[in-house]
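First listed ligand is number 1; within each ligand, the first listed atom is number 1.
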Amino acid sequence: MNVLGIETSCDECAAAVVSGGKILSNVVATQVPFHARWQGVVPEIASRMHTEWIYGVVEKALSDAGLEPEQVEGVAVTAHPGLLGSLLVGLHFAKAFAWARGIPFIAVDHLLAHLYASRLGAKDPPEYPFLGLLVSGGHSAICRVDDFDNVTVLGTTIDDAVGEAFDKVAKFYGFGYPGGAVIDRMAQSGDSGAFKFPMPNLYKTGKDGKDHRCDFSYSGLKTAVINQLEQFRKKKPSGTPGGEACDIAASFQKTAVEILLRGLFRAACDTGITTVVAGGGVAANSCLRSRLAEHGGLRIIFPPPELCGDNGAMVAGIGEQYLLRGGASPLSETASARVKAFRRRYP
Ligand code: KG4
Ligand code: ZN
């Protein structure tokens, strides 16, 4: 089934065609250079650029796939979560395309799509259930995945998302934008033991009666790394870490990864599930990949780098699964900035 997937939840304007689980095309037009000046995504700019680009991006996805619009059999689109104005551009384009051609329209959850990405084109796709490690700029969660649309959150961040922590640290230090990839690159030539940053211990502070074993937090680490910048400012007239910048990047990255892994290993112990599928932009992180590869007891599956960040193929891929099951969304379906698809282990 030829399924067109559209993704405009944040700053990537993306469209792809998937057929029978195979990617026929995958076009991602990034707005990164247009937001770099502000060191973060400016929602108004994002939605305006999606409006300007969406037609051309979809046209290219169809021509790369060698398809005419009339050969598309279903349209899937990210409907939540994300920036509302940006989501609405893709959502309305998809609805109009589906309505004009009389084909089914599927509203997809962005986080489910990230978790689905590693199955696309995989020779040996993981059996359900598996553990999902969802790590992006807006969300971080450790989940039990029983099916492509049946996900239970076992642990999540109680404050900042892991990608957000990378982006904010890079912003404060002036390392560059977006922070994740920059810090990852700098860390290659840094000493990860040079600075000791704190690991949060939520397990001991679960005064609300809930079990926080697999939850995690990034605000303490972020604050500690930013406070270190104050120390540099006091000591050096230039106020920058200078030659120690790569050590800061490596030490921060190592701690950020350890925080995730502690929750993940606890989830593996609790559930007895030993297959882990990663998804989201931070899944491209080299330290996370190498630390997980060292862990002999778990089978770790990462999507290829082009499917880690936001893309239309993951949306088309999961959309095809809904269609194969006979599902379709009403054209009255609307966008939402919030996560809708996950259940929490406790209310
Ligand atoms: O999934 P994604 O493309 O967009 C969201 O849904 O948020 O993830 C973007 C996030 C950003 O915070 C970016 O800094 C981070 O992924 N990221 C990385 C790396 N590449 C992208 N973080 C750490 N290491 C990387 N190599
Ligand atoms: Zn994403």
Side-chain angles (χ1 to χ4, degrees), residues 5-14 16 26 28-32 35-36 39-41 43 46 50 77-83 86-87 90 108-118 132-141 157 160-173 175-188 190 192 218 221-222 225 249-250 252-261 277-292 302-315 317-318 337-339 341-342:
I6 295 174
E7 156 63 44
T8 61
S9 67
C10 190
D11 58 345
E12 317 287 9
C13 188
N26 193 15
V28 181
T30 183
Q31 300 178 359
V32 163
H35 298 285
Q39 305 263 308
V41 178
H50 286 309
V77 61
T78 302
H80 42 82
L83 301 172
S86 293
L87 287 166
V108 164
D109 185 272
H110 184 74
L111 305 182
L112 291 185
H114 268 307
L115 286 172
Y116 186 78
S118 65
L133 179 65
L134 182 74
V135 279
S136 75
H139 301 93
S140 307
T157 178
D160 297 342
V162 55
E164 190 182 348
F166 273 88
D167 294 339
K168 289 207 175 131
V169 165
K171 181 175 177 173
F172 269 90
Y173 277 84
F175 288 160
Y177 171 84
V182 176
I183 288 182
D184 195 356
R185 224 173 15 251
M186 290 173 69
Q188 313 283 331
S192 63
Y218 278 100
L221 171 62
K222 184 189 70 186
V225 179
F252 159 72
Q253 176 172 273
K254 178 173 168 245
T255 314
V257 166
E258 290 310 318
I259 290 172
L260 274 181
L261 294 186
V277 173
V282 185
N285 185 264
S286 57
C287 174
L288 178 65
R289 287 178 175 242
S290 63
R291 284 285 289 114
L292 279 168
F302 280 101
E306 68 277 12
L307 296 181
C308 282
D310 293 347
N311 65 87
M314 65 183 188
V315 179
I318 197 168
R338 312 186 69 136
V339 182
F342 288 7

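Pairing each heavy atom of C287 with each of K254, the nearest pair is SG-CA, 4.3 Å. Closest non-hydrogen pair, H35 versus A46, comes out as CE1-N, 3.7 Å. Counting all heavy atoms, side chain and backbone alike, A117 lies closest to M314 at CB-CB, 4.0 Å.
Of the candidates G180, A170, C10, the one placing a heavy atom closest to atom 22 (N) of ligand 1 is G180. In the candidate list G137, S140, A181, G137 is nearest to atom 5 (C) of ligand 1, counting heavy atoms.
Close contacts of ligand 1 with G138, meaning ligand atoms under 4.0 Å from a residue heavy atom, involve 7 (O). In the vicinity of S136, heavy-atom distances shorter than 4.0 Å reach the ligand 1 atoms 1 (O), 5 (C), 6 (O), 7 (O), 8 (O). Of all the atoms in ligand 1, the ones that sit under 4.0 Å from a non-hydrogen atom of G163 are 12 (O). Near G309, meaning under 4.0 Å from one of its heavy atoms, ligand 1 places the atoms 3 (O). Interface of A284 with ligand 1, defined as ligand atoms under 4.0 Å from a residue heavy atom, comprises 26 (N). Atoms of ligand 1 lying under 4.0 Å from any heavy atom of H114, numbered from 1 in the order shown and given with element: 1 (O), 6 (O).
Counting heavy atoms from C-beta on, the side chains of Q31 and H50 come closer than 4.5 Å. The shortest side-chain heavy-atom distance between D109 and P81 falls under the 4.5 Å cut-off. Side-chain contact between T78 and L87: present, with at least one pair of heavy atoms (C-beta onward) separated by less than 4.5 Å. Using a 4.5 Å cut-off on side-chain heavy atoms (C-beta onward), T157 and V162 make no contact. Residues V32 and D11 are in side-chain contact: their nearest non-hydrogen atoms beyond the backbone lie under 4.5 Å apart.
Of the protein's heavy atoms, V282 CG2, 3.9 Å lies nearest to atom 15 (C) of ligand 1. The protein atom (non-hydrogen) at minimum distance from atom 26 (N) of ligand 1 is D184 OD2, 2.9 Å. In this structure, atom 24 (N) of ligand 1 lies nearest to the protein heavy atom N285 ND2, 3.0 Å. Taking atom 2 (P) of ligand 1 as the reference point, the nearest protein heavy-atom neighbour is D310 OD1, 3.5 Å. Protein heavy atom in closest approach to atom 21 (C) of ligand 1: G281 O, 3.4 Å.
We find that E258 and R291 are joined by a salt bridge, their nearest charged nitrogen and carboxylate oxygen being less than 4.0 Å apart.
Using a 3.5 Å distance cut-off with no hydrogens or angles, the side chains of E306 and N26 do not pair a donor with an acceptor.
In this structure, the side chain of D184 engages the main chain of S286 through a donor-acceptor pair within 3.5 Å. In this structure, R289 contributes its side chain and A283 its backbone to a donor-acceptor pair below 3.5 Å.
Residue contact check for ligand 1: H110 places a non-hydrogen atom closer than 4.0 Å to it. Residue contacts with ligand 1 leave out Q253, since none of its heavy atoms falls under 4.0 Å from the ligand.
Near-neighbour remark for the Zn ion (ligand 2): protein N, O or S atoms under 2.8 Å are H110 NE2, H114 NE2, D310 OD1; waters not counted.
Test Y173, F172, Y177 against F175 for ring-ring contact (aromatic ring centres under 6.0 Å, His included) and you get one pass: Y173.
With rounding to the nearest 0.5 Å, the separation of CG in L111 from NE2 in H139 is 5.5 Å.
With a heavy-atom cut-off of 4.0 Å, D167 touches ligand 1 through its side chain alone. Neither the backbone nor the side chain of E12 has a heavy atom within less than 4.0 Å of ligand 1.
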